[in-house]
Amino acid sequence: MAKDFLKREENYSKWYNDIVLKAGLAENSAVRGCMVIKPYGYAIWEKMQAALDKMFKDTGHSNAYFPLFIPKSFLSKEADHVEGFAKECAVVTHYRLKNSDNGDGIIVDENAKLEEELIVRPTSETIIWDTYRKWVQSYRDLPILVNQWANVVRWEMRTRLFLRTAEFLWQEGHTAHATKEEAIEETEKMLEVYTEFAEKFMATPVIKGLKSENERFAGAIETYCIEALMQDGKALQAGTSHFLGQNFAKAFDVKFSNKEGKEEYVWASSWGVSTRLVGALIMAHSDDNGLVLPPKLAPIQVAIIPIYKSDEEYKITCEKAKEIKKELESKNISVKLDDRDTHKPGWKFNEYEFKGVPVRIAVGMRDIKNKTVEVARRDTLEKTSYQEADIANKIEHLLEAIQDNLYQKALTFREDNTTKVDSWDKFKEVLDNKGGFILAHWDGTAETEEKIKQETKATIRCIPLNSIAEKGKCVYSGNPSEKRVIFARAY
RNA sequence: CGAGGUGUAGCUCAGUUGGGAGAGCGCUAGACUGGGGGUCUAGAGGACGUUGGAUCGAGACCAACCACUUCGACCA
């Protein structure tokens, strides 16, 4: 299976694509630009969902569901918002089909034209704020802290599995608040949730920051983001959280009476992460032997493979394997015992390695005799013989060690690939030869950002939140700058 | 939306001047095997992307269309 598998340095994007296909995560579908997420890939998304959903609930949010279709007129109520999304919307114009007159198929019934065309949601701010108008009258109705898990459609020209597809799955939180301060606090709180998720579950370090005006969400006052660095030196936006001010409240006339009985517009935030995170996860940790998954998001944490020759040995090794499985499961470790007789042990070793299973345990007659098991860890590819006694505790600690090691490795990689740059020549040189994050001074103007983008394809990924004030000169224009921002080529 | 490329078995592809549709992998059955994708034998599997055209004759030539893909512009 992986014999003809490419190395990362040969062709990074083909390497990525092959992992997605051959590890059984997803595949292209009959519909252009849309993907089929296969069970193993969906299982990773479900682990992500479960972790995030708990974090949302723990911060006081509730789930709800809003329609897939948005009346066309809604979209145009917020000027920046419609401008940002208009070019990539799927539109429903009719609601019925009929047999064609010449009998060779089915056609749109032109008599079934919709009075008002419907947009397939590219995001749900408009339909949600139209709804919130009905929910809010008094400050007592606030805040509204709602999240929805949904699919959205953005009609992309060029697509890549998980990283950019015409339809994708995500969550979008939409909150309404009585004050500006509270809405900003919410926006920042959710960025913190995303950061914690990325670092603790995905084992991927991220940089928190603000988007420049060019990169800001259409309709937001301020867009916060977390940016991760992939192994090919390109940046990937792993999550965004927007402070929407009163833009949508004004567009949809959502007002409330405050304690003094005065009418005010509601303050808003929205925030989201998508199945793109699965792509980020793949690119952050995987190696030339295939997928590498952090234990906290791996659908299978431990695979157990019995090694046997005869039917009798099959029974004995499977019996031992089942014992071990049960012990591990008592520690809430997810275990797959692969007792299929239809595949050879060697084949299974490669299979689980390619699929990124963090720990593999082999049990053979030799092990049983010695009261040991052979343990192989995916992150380092090390094989060690463990005494069978107290195996569950040992594996539990091993999984923690793997999770930690992946994070440290990714952090070291990011540090090694973050470069401070003070001249335009150096900027271009680092970008072309090394890649990664570039910390450089910027004069704060959209014009300079646009020129840098045109000349180098690098964009401002974010203005880091924790950056230290440092006077300097813009790397491009030479104009004065107050602090460094992060440039990179991005996904 | 612009420029190129590719459509032949489940997958990757070969197919010479236009004349009998092939290989490797995978799949099925059996035997030997079994601590890193094993070997051998036998077998199944095809509207050659679609439509039209020139030709005695097209997988191959011509045209249109469709799909996929790479690179650009756009984007999470």
Side-chain angles (χ1 to χ4, degrees), chain A residues 1-6 11 13-14 17-18 21-22 27-34 83-89 104 122-123 152-172 194 211 214-218 220 223 225-228 234-242 270-280 289-290 303 305-311 313-314 317 340-355 360-370 372-376 381 383 385 453-454 457 459 461 490-491:
Chain A
M1 191 195 224
K3 281 179 205 159
D4 52 355
F5 183 61
L6 280 174
N11 185 338
S13 70
K14 188 163 182 358
N17 219 328
D18 281 0
L21 296 175
K22 290 181 182 170
E27 62 190 37
N28 284 307
S29 71
V31 183
R32 180 199 183 93
C34 295
E83 200 190 319
F85 286 106
K87 283 171 289 183
E88 50 187 24
C89 285
D104 64 356
T123 179
V152 287
V153 169
R154 297 180 188 175
W155 211 261
E156 298 290 346
M157 288 301 159
R158 282 187 64 192
T159 58
R160 293 193 66 192
L161 293 168
F162 287 115
L163 297 174
R164 178 167 300 110
T165 46
E167 180 193 17
F168 56 94
L169 307 182
W170 77 345
Q171 58 69 215
E172 45 181 327
Y194 289 153
K211 284 296 188 190
N214 283 348
E215 302 278 324
R216 198 175 289 155
F217 174 74
T223 288
C225 65
I226 51 174
E227 292 285 328
K234 284 168 84 173
L236 187 140
Q237 179 178 302
T240 49
S241 183
H242 314 290
S270 71
W271 28 274
V273 298
S274 73
T275 37
R276 184 178 228 206
L277 287 182
V278 178
N289 297 302
I305 298 166
I307 314 284
Y308 53 88
K309 290 183 181 166
S310 61
D311 282 356
E313 289 184 6
Y314 176 75
T317 50
R340 289 177 297 175
D341 191 37
T342 50
H343 295 274
K344 304 279 163 66
W347 192 94
K348 292 175 185 173
F349 287 178
N350 281 286
E351 173 79 359
Y352 292 110
E353 196 165 289
F354 199 81
K355 290 196 154 183
R360 184 187 70 233
I361 295 178
V363 184
M365 295 307 287
R366 253 182 357 233
D367 296 305
I368 291 176
K369 198 174 134 202
N370 300 332
T372 60
V373 292
E374 183 194 87
V375 176
L381 298 169
K383 281 203 278 197
S385 210
K453 185 180 173 183
Q454 277 169 12
K457 288 177 196 160
T459 49
R461 298 322 304 154
Y491 277 98

Go ahead and name the base partner of A73(B); Watson-Crick or wobble counts if both distances stay under 3.5 Å, otherwise write none. none
Side-chain donor-acceptor pair under 3.5 Å between His242(A) and Thr223(A), yes or no? yes
When you compare G18(B) with U55(B), how far apart are their C1' atoms, in angstrom units rounded to a whole number? 9 Å
Which nucleotide, A76(B), G35(B), U69(B), lies nearest any side-chain atom of Ile307(A)? G35(B)
Complementary nucleotide for G34(B) - Watson-Crick or wobble, under 3.5 Å: none
Watson-Crick/G-U partner (both atom distances under 3.5 Å) of A63(B): U51(B)
Between U70(B) and C32(B), how many Å separate the two C1' atoms, rounded to a whole number? 47 Å
Please state how far atom CG in Asn17(A) lies from atom P in U70(B), giving the value in whole angstrom units. 7 Å
Starting the side chain at C-beta, find the nucleotide from G35(B), G34(B), C75(B) nearest to Glu88(A). C75(B)
For A44(B) versus A23(B), give the span between their P atoms, rounded off to a whole number of Å. 12 Å
As a test of reading the structure: which of G38(B), G35(B), G36(B) is closest to the side chain of Glu353(A), going by heavy atoms? G36(B)
Out of G35(B), G72(B), G37(B), minimum distance to the side chain of Glu351(A) belongs to G37(B)
State which of A76(B), G34(B), G36(B) makes the closest approach to the side chain of Arg154(A). A76(B)
Which value, in whole Å, describes the distance between the C1' atoms of nucleotides G34(B) and G43(B)? 25 Å
Sugar-phosphate, base or nothing in reach of Ser385(A), heavy atoms under 4.0 Å: nothing
Hey, mind stepping through Arg366(A) and Glu374(A) against salt bridge (charged side-chain N to carboxylate O under 4.0 Å, His left out) and telling me if it holds? CA-CA 10 Å; Arg366(A) 253 182 357 233; Glu374(A) 183 194 87; over 6 Å; no
Whole-Å distance, Lys355(A) NZ to G37(B) P, equals 19 Å
Using modelled atom types and a 3.5 Å cut-off, is there a donor and acceptor pairing between side-chain atoms of Asp367(A) and backbone atoms of Gly364(A)? yes
State the pairing partner of C68(B); accept Watson-Crick or G-U wobble contacts with both distances under 3.5 Å, and report none otherwise. G5(B)
Is it the case that more than 12 heavy atoms not belonging to Trp155(A) sit under 6.0 Å from its CH2 atom? no
Using 4.0 Å as the upper bound for N to carboxylate O, is an ion pair formed by Arg461(A) and Glu215(A)? yes
Ignoring hydrogens and angles, answer whether the base of G36(B) and the side-chain atoms of Lys383(A) contain a donor-acceptor pair closer than 3.5 Å. yes
As its Watson-Crick or G-U partner within any shown strand, both distances under 3.5 Å, G57(B) has none
Nucleotide nearest Asp341(A) when distance is taken to its side chain, options G35(B), G34(B), G36(B): G34(B)
Could you tell me whether Leu236(A) contacts a base, only the sugar-phosphate backbone, or nothing, with contacts defined as non-hydrogen atoms closer than 4.0 Å? nothing
In whole angstrom, give me the gap between the C1' atoms of A60(B) and C1(B). 33 Å
U69(B) phosphate, OP1 or OP2: any side-chain N/O from Lys14(A) under 4.0 angstrom? no
Which of G34(B), G36(B), A76(B) is nearest the side chain of Asn350(A)? It is G36(B)
Please determine whether a side-chain nitrogen or oxygen atom of Lys453(A) lies at a distance below 4.0 Å from atom OP1 or OP2 of C75(B). yes
Between A76(B) atom C1' and Leu161(A) atom CG, what is the distance in whole Å? 16 Å
Rounded to the Å, how far apart are Tyr491(A) OH and C74(B) C1'? 18 Å
Output the rounded distance in Å from CD (Glu215(A)) to P (C74(B)). 11 Å
In whole angstrom, give the distance that lies between atom NZ of Lys344(A) and atom P of G26(B). 11 Å
Does NZ or CZ of Arg276(A) lie under 6.0 Å from the centre of the six-membered ring of Phe168(A), at an angle within 45° of the ring axis? no
Over how many whole Å does the gap from Tyr194(A) atom OH to A76(B) atom C1' extend? 12 Å
Quickly work out the Glu156(A) CD to A73(B) C1' distance and round it to whole Å. 13 Å
Using both distances under 3.5 Å as the test, list the Watson-Crick or G-U wobble partner of G26(B), or none. none
When the C1' atoms of C71(B) and A9(B) are compared, how many Å lie between them, rounded to an integer? 31 Å
Quick one: is Asn28(A) getting a side-chain N or O under 4.0 Å of the A67(B) phosphate, OP1 or OP2? no
Are Phe162(A) and Tyr491(A) near enough that their ring centres are under 6.0 Å apart? no
Under the 3.5 angstrom rule, does the side chain of Tyr194(A) hit a backbone N or O of Cys225(A) as a donor-acceptor pair? no
G49(B) to A67(B) separation - C1' atoms, rounded to the nearest Å: 7 Å
Base, sugar-phosphate or nothing for Arg360(A)? Non-hydrogen atoms, less than 4.0 Å. base
Can you tell me which nucleotide in G35(B), A76(B), G34(B) comes closest to the side chain of Asp367(A)? G35(B)
NA contact type, Phe168(A), heavy-atom cut-off 4.0 Å: base, sugar-phosphate, or nothing? base
